[in-house]
Amino acid sequence: MYDITERLNAAGLPLQLILICGRNDELAAKLRAHQWKMPIHVVGFTKEVHRLMRAADFLIGKPGPAALRKPWSESSPC
């Protein structure tokens, strides 16, 4: 996640990132310590992932069926 954030930061795009680190406190601390050119919001473990996903324009996450099932089910009218 840190590498992707660095690349997005270097691209100079008008972005705002919400980075959900779960229980990875070391990663969260590393992300918070860096001075970014764009707004960065670091979140630890949360049960509100569904709300953050609903607010997102796009999602970068680890691959797998669980990562895809929730976004599609939230936007599906069925």
Side-chain angles (χ1 to χ4, degrees):
M1 180 186 304
Y2 191 86
D3 293 341
I4 292 170
T5 305
E6 281 186 317
R7 289 176 187 221
L8 290 170
N9 190 60
L13 300 170
L15 300 174
Q16 170 178 281
L17 301 182
I18 301 172
L19 306 167
I20 305 172
C21 299
R23 291 187 169 93
N24 190 339
D25 296 332
E26 184 178 331
L27 175 60
K30 185 176 178 180
L31 289 164
R32 287 184 181 116
H34 194 281
Q35 293 297 313
W36 304 100
K37 298 176 190 173
M38 58 188 167
I40 299 286
H41 307 281
V42 179
V43 179
F45 178 80
T46 178
K47 292 184 178 184
E48 301 300 320
V49 173
H50 63 285
R51 291 178 193 237
L52 296 171
M53 290 173 77
R54 205 173 307 141
D57 290 323
F58 68 92
L59 170 71
I60 300 172
K62 62 183 178 182
L68 298 174
R69 183 180 62 240
K70 191 64 175 173
W72 268 270
S73 65
E74 290 293 326
S75 63
S76 174
C78 298

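Counting begins at 1 with the first residue of the sequence. The model shown is predicted, which means the values in this text are computed figures rather than measured ones.
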Same apolar cluster: [X] and [Y], side chain cutoff 4.5 Å:
X	Y	result
Ile20	Ile40	no
Leu15	Tyr2	yes
Ile4	Phe58	yes
Leu19	Trp36	yes

In Å, rounded to the nearest 0.5 Å, how long is the span from [atom1] of [X] to [atom2] of [Y]?
X	Y	atom1	atom2	answer
Leu13	Arg7	CG	CZ	13.5 Å
Leu27	Thr5	CG	OG1	8.0 Å
Met1	Ile60	CE	CD1	9.5 Å
His34	Lys30	NE2	NZ	9.0 Å

> Is atom CZ of Arg51 surrounded by more than 12 heavy atoms (other residues, nucleotides or ligands) closer than 6.0 Å?
Replying inline: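 No - once you tally the heavy atoms of other residues, nucleotides and ligands closer than 6.0 Å, there are 12 at most.
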
> Does Glu48 CD have over 12 foreign heavy atoms under 6.0 Å away?
Replying inline: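 Atom CD in Glu48 is crowded, with more than 12 foreign heavy atoms closer than 6.0 Å.
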
Considering non-hydrogen atoms only, spot the tightest contact between [X] and [Y] and give its length.
X	Y	answer
Val42	Arg32	O-NH2, 3.2 Å
Cys21	Leu31	SG-CD1, 3.6 Å
Asn9	Lys37	OD1-N, 2.8 Å

